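Remember, predicted model here, so these are calculated numbers, not experimental data. Residues take their numbers from the sequence shown, with the count starting at 1.
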Amino acid sequence: AYDGSGTAPTGAGSYAVVGTIQDGRYQGSASGTLVVSKGLASVVLENLSQAYDGTEKVVTAATEPAGLAVVVTYDGSGTAPIAVGEYGVVGTVSDANYTGSATGTLSVTESEQKIVTIDVESNNVAIGFLPLVEGEYDLLYRPSLVTGEWVVVDSTNSLAGTEILLEHDGGGTNEVGYYRVDGVAGASAKIWGFAKMDKPAASKLAMVGIPFSTEAQTLNSLMDPAQFSGQRLLPGSADQIMIWNAASKSYVNLAMYQWGTNRGWKSSSGFGPAAPYTNPVLPAGSAFWFRGSTNTAGKLTVAGEVVLEA
């Protein structure tokens, strides 16, 4: 008998066992303790990398056998963290018949809220910013990428997920500048910069010295093609751009094609109506040279995310 029952137990635990001889000629008995230890369950922690959005970042766990309860702690606390940082996570099975645990690190990273547009018109600069957390946001500016104090030039309060417009009146008079946004969720993950310059004279070159981070930025996203003078048949009579790729140690030579309302960059070699348009994703830190055509006049503006280390 097991704790007085004739049915053998299935669950983990200790049971008083009595064995009694059932025979007409003999008698006798013995007693003891049956120990059924807990089975070993496997635990896999999930959602160990999450972006900050002002809410608790909860780590979940999967078990084998499936469906077991797991108690999760974060740096020893039962409360899931909110702030950006790294936290030691322990997930421990809480079950009458199974034991098991797993450890890991929860990384709460900067949110994906970021500057999404930058528009330099005349002497003013407008920044479109997408916040993920409701609160107040400040637009900060400085003329140098790596030195000087950031100065607040505009502020606003916004709901989460609603793009806001922050403006810097007169910011474009500096011809070059850098911006970031600070707010309730911390600074924007990227810094945006712009350069505004006179178009070079015919057959002359001008260089852009801003180290743009172009992993997700194309040539057209950095420079509006409408700024450039184009040609239909002769690339030498169109505005041109030369892009230096430090990794391959080579140049990409493009010319602006224009025929009626059709406009875009095409390779300087094989230039013409049948040639395909190109809008390449550029290497981070690419150097740009502009070569002016006979029709060159006015200003060029280049704007986008930049990298500090380039």
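In this structure, the separation between CG on Asp169 and CG on Asn124 is 5.0 Å, given to the nearest 0.5 Å. Atom CD1 of Ile127 and atom CD of Glu163 lie 11.0 Å apart (nearest 0.5 Å). Asn279 contributes atom CG, which lies 3.5 Å from atom OG1 of Thr218 (distance to the nearest 0.5 angstrom). Atom CH2 of residue Trp289 and atom CD1 of residue Ile241 lie 10.5 Å apart, to the nearest 0.5 angstrom. Interatomic distance, CG of Asn262 versus OH of Tyr257, reported as 6.5 Å (0.5 Å rounding). Rounded to the nearest 0.5 angstrom, Ile243 CD1 and Leu219 CG are separated by 5.0 Å.
Clustering ILVMFWY residues whenever any of their side-chain heavy atoms sit less than 4.5 angstrom apart, transitively, puts Met256 in a cluster other than the one holding Leu234. In the hydrophobic clustering of ILVMFWY residues, with side-chain heavy atoms under 4.5 Å counting as a link, Val58 and Leu45 come out together. At a threshold of 4.5 Å between side-chain heavy atoms, the hydrophobic network of Ile, Leu, Val, Met, Phe, Trp and Tyr places Val44 and Leu48 in two separate groups. No path of Ile, Leu, Val, Met, Phe, Trp and Tyr side chains, each step under 4.5 Å between heavy atoms, connects Val90 with Leu68, placing them in separate hydrophobic clusters. Hydrophobic cluster membership differs between Phe271 and Val252, with clusters built from Ile, Leu, Val, Met, Phe, Trp and Tyr side chains linked at under 4.5 angstrom.
Looking only at side-chain heavy atoms (C-beta outward), Leu140 and Asp182 come within less than 4.5 Å of each other. Leu166 places a side-chain heavy atom less than 4.5 Å from the side chain of Val181. Looking at heavy atoms from C-beta onward, Leu106 lies in side-chain contact with Lys57 at the 4.5 angstrom threshold. Side-chain contact between Thr63 and Val70: present, with at least one pair of heavy atoms (C-beta onward) separated by less than 4.5 Å. Taking the side chain as every heavy atom from C-beta outward, Glu86 and Thr105 approach each other to under 4.5 Å. Counting only heavy atoms from C-beta outward, the side chains of Ser155 and Glu136 approach each other to under 4.5 Å. Counting heavy atoms from C-beta outward, Ser293 and Ser229 have side chains that approach closer than 4.5 Å. Side-chain contact between Val89 and Val72 is present, with at least one heavy-atom pair separated by less than 4.5 Å.
In this pair, His168 and Tyr179 present their aromatic rings perpendicular. The plane angle is above 60°, beyond the 30 to 60° band. Ring-plane geometry between Phe228 and Trp265 is classed as perpendicular, the angle between the planes exceeding 60 degrees on a 0 to 90 degree scale with a lower cut at 30.
Formation of a donor-acceptor pair under 3.5 Å by the Asp23 side chain with backbone atoms of Arg25 is found in this model. The closest donor-acceptor contact from the side chain of Asp75 to the backbone of Gly88 lies under 3.5 Å. Without hydrogens or angle criteria, Gln258 side chain to Gly230 main chain gives a donor-acceptor distance under 3.5 Å. A donor-acceptor pair under 3.5 Å is formed between the side chain of Asn97 and the backbone N or O of Ala12. When atom types are taken as modelled, the side chain of Gln240 and the backbone of Pro235 share a donor-acceptor pair closer than 3.5 angstrom. Looking at Ser5, its side chain does come within 3.5 Å of a backbone N or O of Thr7 through a donor-acceptor pair. Lys266 places a side-chain N or O within 3.5 Å of a backbone atom of Gly272 that can act as its donor or acceptor partner.
In terms of heavy-atom proximity, Ser14 sits nearest to Thr33 at CB-CG2, 4.1 Å. For the residue pair Val93 and Ala41, the shortest heavy atom distance occurs at CG2-CB, 4.4 Å. Of all heavy-atom pairs spanning Ser94 and Val71, the tightest one is CB-CG2, 3.9 Å. The two atoms that bring Gln227 and Thr301 nearest to each other are OE1-N, 2.6 Å, heavy atoms only. The heavy-atom pair separating Leu165 from Ala126 by the smallest distance is CD1-CB, 4.1 Å. Taking every heavy atom of both residues into account, Pro143 and Val176 meet most closely at O-CG1, 4.4 Å.
Here the two rings, on Tyr178 and Trp150, have centers that are 6.0 Å apart or farther.
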key: Stepwise side-chain contact (heavy atoms from CB on, under 4.5 Å) check, Phe194 with Val302   = CA-CA 5 Å; Phe194 76 91; Val302 187; over 6 Å; no

message = Checking Tyr74 against Val59 for the side-chain contact (heavy atoms from CB on, under 4.5 Å) test, could you report, in this order, the C-alpha distance in whole Å, the side-chain angles of both residues, the deciding distance, and whether it holds?
response = CA-CA 9 Å; Tyr74 311 84; Val59 171; 3.7 Å; yes

task = Show your reasoning for whether side-chain contact (heavy atoms from CB on, under 4.5 Å) applies to Met223 and Phe290.
result = CA-CA 12 Å; Met223 300 177 292; Phe290 299 113; 3.3 Å; yes

query = Taking it one step at a time, do Thr20 and Gln22 satisfy side-chain contact (heavy atoms from CB on, under 4.5 Å)?
reply = CA-CA 6 Å; Thr20 303; Gln22 299 290 323; 3.9 Å; yes

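A cation-pi geometry, defined here as NZ or CZ lying under 6.0 Å from the six-membered ring centre and within 45° of its normal, does not hold between Lys38 and Tyr98.
In the displayed structure, Glu46 atom CD is contacted under 6.0 Å by more than 12 heavy atoms of other residues, nucleotides or ligands. Around the OH atom of Tyr141, the shell of radius 6.0 Å holds more than 12 heavy atoms that belong to other residues, nucleotides or ligands.
Under a 4.5 Å side-chain heavy-atom criterion applied to ILVMFWY residues, the cluster that includes Tyr2 comprises Tyr15, Val17, Leu34, Val36 as well.
Checking Ser267 against Ser269 by side-chain atom types alone, a donor-acceptor pair falls below 3.5 Å.
Applying salt bridge (Lys or Arg N to Asp or Glu O under 4.0 Å) to Asp239 and the options Arg291, Lys204, Lys199 leaves one that passes, Lys199.
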